[in-house]
2 protein chains.
Amino acid sequence: MELSATAYVILGMVRKEPRSGYEIKALVDNSTRFFWAASYGQIYPELRRLAEAGLIVGSERPTGGRKRTVYEITADGEEELRAWLRQPPQVLETRDEGLLKLFFAGALTREEALEILRAMRAQRLEANARLRAIGEMKGEMELFPRTVLEGGIEITEWYADWCERMEAQILASPEERSS
Amino acid sequence: MELSATAYVILGMVRKEPRSGYEIKALVDNSTRFFWAASYGQIYPELRRLAEAGLIVGSERPTGGRKRTVYEITADGEEELRAWLRQPPQVLETRDEGLLKLFFAGALTREEALEILRAMRAQRLEANARLRAIGEMKGEMELFPRTVLEGGIEITEWYADWCERMEAQILASPEERSS
DNA sequence: ACAGGCATGTAAATAGTTACATGATTCG
DNA sequence: CGAATCATGTAACTATTTACATGCCTGT
């Protein structure tokens, strides 16, 4: 079958209750997006493919007169999801423009380099605040989503702190010849 | 001009000394790949584009009879690189299949869920070992690359530790109803 | 002689984002 | 009434990976 990881995000999101594409997108944006994002351009076509493969089924559930299709997982879909969850995780990729810039910061003055660390710190603090807000918004959460959320809160905090420490460290080190 | 971040990786890599596409790829794989990867399929076409734009210049430097083109940065290229480095970093994305699986681990037995954490821990420890090996391989490094490398070592350690803590925590918590 | 590394490149496929289009409903 | 949100979708683009092809050079 060979589904993409994004397909499994969808399977996971409709496992507990039927959801529309729009709802899935909103859920992703408040949860997995920090380690696995998905856009409408992926979600809607993927919903169609999963329905064709018989892993989910759609049904019309209009809200008032507004057209709306919700999808729920089938027994095949649940089995497929579980089989995937049992495989050891492979993908682990990061695109971090801040670290990349810091890596090349020898081409800048020290003050400009410190600016990168400050911007990075602000990024982490912002992510941290958003994660905390999500935690407060939702009342009680299930064990695993909560664990992951709290991990996100901890790691963004750690990272912000690292930026602060490195700022101090670089400030204390002698300015190197840039070329 | 609108260059991709990957173009700046190349500019940064040829800033100090002329490099071939092959060397750039090897450098990336030993440094930025942990936060910004690049494949041959990106590097070679990008080298051509950058040369056309006058940001780098290529020259033939065969090794023995083996054809080899090395590229070095131009004054325009340096200015372009520095201008980019001064812009606040934007992109910050992660694709972490482990966290994604952990997020949905409620569909598994607790033992299977713990397996995910163990696999994640192994992933971080492996990354940590590779980073340490890189640090030992290279003798003395410049301030910023070294800072970034040490940050990578610290964070992979922190993460491996988190996995361990979470394993213990989940083991201690009562098994929830999976549906 | 052969394996492994050096070196360059491309085609095809996959993944993913962005921008746009459309239209209904709800709330102030 | 107008703005925001609900809702679905697609086209175009950009990014990126994978697999393949080619061939030389070095060391065993």
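A, B, ... follow the sequence lines: proteins, then strands. Residue 1 opens every chain.
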Gap between atoms [atom1] and [atom2], on [X] and [N] respectively (whole Å):
X: A:Phe35; N: C:dG16; atom1: CZ; atom2: C1'; result: 18 Å
X: B:Asp29; N: C:dG5; atom1: CG; atom2: P; result: 14 Å
X: A:Ile10; N: C:dG16; atom1: CD1; atom2: P; result: 11 Å
X: A:Glu97; N: D:dA15; atom1: CD; atom2: C1'; result: 14 Å
X: A:Gln90; N: D:dT17; atom1: CD; atom2: P; result: 16 Å
X: B:Arg95; N: C:dT14; atom1: CZ; atom2: C1'; result: 13 Å
X: A:Glu2; N: C:dA13; atom1: CD; atom2: C1'; result: 14 Å
X: B:Glu60; N: C:dA7; atom1: CD; atom2: P; result: 13 Å

Closer than 4.0 angstrom, basic N to acidic O: yes or no for [X] and [Y]?
X: A:Arg118; Y: A:Glu167; answer: yes
X: B:Arg132; Y: B:Glu136; answer: no
X: B:Arg165; Y: A:Glu154; answer: yes

| query | For D:dT16, does OP1 or OP2 lie under 4.0 Å from any side-chain N or O of B:Thr6? | reply | yes
With no hydrogens and no angle check, just 3.5 Å: does a side-chain donor-acceptor pair link A:Glu80 and A:Tyr8?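 Distance-only check passes for A:Glu80 and A:Tyr8.
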Would you tell me whether B:Arg124 and B:Asn128 have side-chain atoms, one donor and one acceptor, within less than 3.5 Å of each other?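 No donor-acceptor contact under 3.5 Å links the two side chains.
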Please list, for nucleotides 7-12 of chain D, all pairs of protein and nucleotide N/O atoms separated by less than 3.5 Å.
residue: D:dA7; atom: OP1; partner: A:Thr63; partner atom: OG1; Å: 2.9
residue: D:dA7; atom: OP1; partner: A:Arg68; partner atom: NE; Å: 3.0
residue: D:dT8; atom: OP1; partner: A:Thr69; partner atom: N; Å: 2.8
residue: D:dT8; atom: OP1; partner: A:Thr69; partner atom: O; Å: 3.2
residue: D:dT8; atom: OP2; partner: A:Gly21; partner atom: N; Å: 3.4
residue: D:dT8; atom: OP2; partner: A:Tyr22; partner atom: N; Å: 3.1
residue: D:dT8; atom: OP2; partner: A:Tyr44; partner atom: OH; Å: 3.1

From the candidates C:dT17, D:dT18, C:dG16, the one with an atom nearest any side-chain atom of B:Ser39 is D:dT18
Would you find a donor on one side and an acceptor on the other, under 3.5 Å apart, between the side chain of B:Thr74 and the backbone of B:Gly54?
yes
